[in-house]
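Working notes for the structure below.
Remember, predicted model here, so these are calculated numbers, not experimental data.
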Amino acid sequence: MDSVATLDIFSLLTSLWINRFYIYLALAVGISLWICFHIVIRKQDKNSQEKCVSKETQNLMANGYISDQKKVFVSGVKIFYGSQTGTAKGFAMNLAEEIISLDLPVIIINLKEYDPDDHLVEEVTSKNVCVFLVATYTDGRPTESAEWFSKWLEEASSDFRFGKTYLKGMRYAVFGLGNSAYVNHFNKVGKNFDKWLWMLGAHRVVTHGEGDCNVVQSKHGSIEADFTAWKTKFLSQLQALQKGEKKACGGNCRKGKCRSKWQSSEEMEPESPLQDRLHHRDTEEEELFESTSEEESGPEDHESLNSIVDVEDLGKIMNHMKKDKKEKEQQEEKTSLWRDSVKNEDSEPRAMITPALRDALTKQGYQLIGSHSGVKLCRWTKSMLRGRGGCYKHTFYGIESHRCMETTPSLACANKCVFCWRHHTNPVGTEWRWKMDHPEMILKEAIENHQNMIKQFKGVPGVKEERFKEGMTVKHCALSLVGEPIMYPEINQFLKLLHECKISSFLVTNAQFPVEIRNLKPVTQLYVSVDASTKESLKKIDRPLFKDFWQRFLDSLKALVAKQQRTVYRLTLVKAWNVDELQAYAELVSLGSPDFIEVKFKIDGEWWTWIDYDRFQDLIQEYEHSGGSKTFSTKDYMAKTPHWALFGASERGFDPKDIRHQRKIKSKSLSGC
């Protein structure tokens, strides 16, 4: 019996072993079914919970406790217009009616009544779409109503302090109104608006449109038809944006033509690696917009060399290439003639401002004077004209920014600083080797140009009438615009003329001309730029042209000690370049003993950083009449700093009585200066 039982157990185990694969399969199927069962059960529980929540939510919404939070892609449209005859305003009203039909709020704004300083940056986060309908007036200028906005936009687009992402997030579209009979200026304002907004980082919604009053050349037969065609495209893109289905142009555009996915095939330009890199927005990109109307309009767009071109378009493209080549040859010929004329005039020094430099500086907003001088309106001058704050010199020294003229009698410099905010457009040299203009002419034209720039602010939103009138009389001169003013051989005569006109003088030098500093006649305040405290870092940062730059630097600082007027160290600290040289800076301060390191003068526990400008003018006249024998010092014309200018002061703004130092200032005419 025992042997039989043993045999049965052995047979069972053998059978299980032989059929083990079937057993494994059965177990796997069973486990899978168990898992699937639990997944289905959990899913049913989740769905039932969601249904319960949904019903509860609907009940809450019905009772007003929860609102339908639908995502908003476009919150509204703002239509800005600049019109002379009313056409642009009419188009604005027409477009507004169409937009209202899309259930979008619309605001129509006259550019004359809009302050970009206060409000334009708000459009970065507003989710609005901004439409600009602007006309081009005489000689390619904007209409009177759009003049201030245009000027602000132009200056902001080229001002590094705004940067190329200032309006990043803002969405815009531009339609220009013009007349192609004026070929050189056709729709110039519209093109400029489109370019400058793009340069500030705004996103173009649709290709800028061009309306033509010249019915013969109008693309659609009339300016009204041109606007209707553009309006149709814009409304289509607006509806797409409103639904959140499509994006605004990301900036990958060429010559005003958008290449976004939602454009029609006729408008799309072929991709290329070069075009793909346009969004990096380097300095060369500004040239993409400087094109003629033929280059920017419709089917006449010139294709890239890598694209497929229709045979009938080859003639147009070749003509355009020949035209470009001819213009380039003419420009080279002009440059060559200018160079030849310079070489032939061996007996006469050449002009500091070359034609290329003149063009570059003019584009940057400089008003050039003669062959080596310039003047430019400071942003703080504009700010104070409009009743706002002035620059730090107003707080520190009592300068009225709206009466301050920023100029230079020498655009040249002996350094090529790495942080130069003038982008190294000015010439360089170690000595004066250029043609020299008379100081009387420089000052006369500097004041005239400054006054002309002030006049452009008449009627600008926010400009105070009293400030505008005061701004026409220059009271301060900041010789810090660009270059090295002290290089000008007639700098002392120029300063004398300033003081004769009762204009205070604030002169900045880069500490490379110690002899000129020692020979310099009294100025209201003398600044020295101390950009580094060691020989190695100065060479690295300022990149001076002089081989003995360090000794010149030290001698310039030593020359300050003998100066009895106000002297200031202007420190320029650059992270990872010179901020770790504090002890060396302290030694340089001891060497030059400046009155201020921008602010450093306390008497009996009170700050005396301001200047009694009338007292200074009296002292300088006594100095001149005595032939230089009657000197004066800093303390003779200093004034107490008002409470509002002190750190932590609770007072708002400034008191005009403080500006005038408790004295009455009589408006003085500059005629004859």
Does the side chain of [X] pick up a donor-acceptor pair with the side chain of [Y] at under 3.5 Å?
X    : Y    : result
H499 : Q617 : no
T609 : T641 : yes
D555 : Q551 : yes
E123 : S126 : yes
S410 : T408 : no
Q565 : T634 : no
K376 : Q367 : no

Could you tell me how the ring of [X] sits relative to the ring of [Y]: parallel (under 30°), tilted (30 to 60°) or perpendicular (over 60°)?
X    : Y    : value
W432 : H372 : perpendicular
Y166 : F162 : perpendicular
W610 : H394 : tilted
Y397 : Y527 : perpendicular

I'd like to know if the side chain of [X] and the backbone of [Y] have a donor-acceptor N/O pair within less than 3.5 Å.
X    : Y    : answer
Y623 : K521 : no
D542 : L538 : no
R543 : K416 : yes
S150 : E147 : no
D636 : S633 : yes
D612 : A639 : no
Q564 : T631 : no
Q451 : M472 : yes
Y488 : F494 : no
S371 : I353 : no

From [X] atom [atom1] to [Y] atom [atom2], the distance as rounded to the nearest 0.5 Å:
X    : Y    : atom1 : atom2 : value
R358 : T362 : CZ    : OG1   : 6.5 Å
L385 : F468 : CG    : CZ    : 8.0 Å
L498 : C477 : CG    : SG    : 4.5 Å
L495 : L507 : CG    : CG    : 6.0 Å
S504 : I620 : OG    : CD1   : 11.5 Å
Y172 : F132 : OH    : CZ    : 9.5 Å

Tell me, with the steps shown, if E400 and H476 meet side chain to side chain contact (heavy atoms under 4.5 Å, CB included). CA-CA 8 Å; E400 298 171 89; H476 315 284; 4.2 Å; yes
Aromatic ring proximity, centroids under 6.0 angstrom, W148 and F457: yes
Would E536 and K540 satisfy salt bridge (Lys or Arg N to Asp or Glu O under 4.0 Å), going step by step from the backbone distance to the final call? CA-CA 6 Å; E536 292 73 22; K540 183 170 59 173; over 6 Å; no
Determine whether K469 and E465 satisfy the following criterion, salt bridge (Lys or Arg N to Asp or Glu O under 4.0 Å), listing intermediate values before the conclusion. CA-CA 6 Å; K469 291 179 180 178; E465 184 177 356; 3.4 Å; yes
List the residues meeting side-chain hydrogen bond (donor to acceptor under 3.5 Å, both in side chains) with E445, not counting sequence neighbours, and say none if there are none. none
Could you work out, with side-chain hydrogen bond (donor to acceptor under 3.5 Å, both in side chains) as the rule, every residue matching K630, not counting sequence neighbours? E622
Using the rule given for side chain to side chain contact (heavy atoms under 4.5 Å, CB included), can you reason through C417 versus D531, listing the C-alpha separation, both sets of side-chain angles and the distance that settles it, and then say yes or no? CA-CA 9 Å; C417 304; D531 301 331; 4.2 Å; yes
Contact between [X] and [Y] at the side-chain level, heavy atoms closer than 4.5 Å - yes or no?
X    : Y    : result
F632 : F616 : yes
T125 : M170 : no
T473 : R403 : yes

I'd like to know whether F149 forms a ring pair (Phe, Tyr, Trp, His ring centres under 6.0 Å) with F193, so could you lay out the CA-CA distance, the side-chain angles of the two residues, the decisive distance to 0.1 Å, and finally the verdict. CA-CA 10 Å; F149 187 93; F193 268 48; 5.5 Å; yes
Is there a side chain to side chain contact (heavy atoms under 4.5 Å, CB included) between V561 and L591 once you walk through the steps? CA-CA 8 Å; V561 179; L591 187 65; over 6 Å; no
Give the minimum heavy-atom separation between W196 and L153, together with the two atoms involved.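 Heavy atoms of W196 and L153 come nearest at CB-CG, 3.8 Å.
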Which atom of C404 lies closest to which atom of T381, heavy atoms considered: O-OG1, 3.6 Å
Is it the case that over 12 heavy atoms from other parts of the model lie below 6.0 angstrom from the NE2 atom of H438? no
With a 6.0 Å cut-off (strictly less than), is the heavy-atom count around CD of Q621, excluding the residue itself, greater than 12?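 Correct, the count exceeds 12.
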Could you go through the side chain to side chain contact (heavy atoms under 4.5 Å, CB included) check for V589 and I597 one step at a time? CA-CA 9 Å; V589 171; I597 302 178; 3.7 Å; yes
So D614 and K502, salt bridge (Lys or Arg N to Asp or Glu O under 4.0 Å) or not? Walk me through it. CA-CA 8 Å; D614 281 358; K502 305 299 182 184; over 6 Å; no
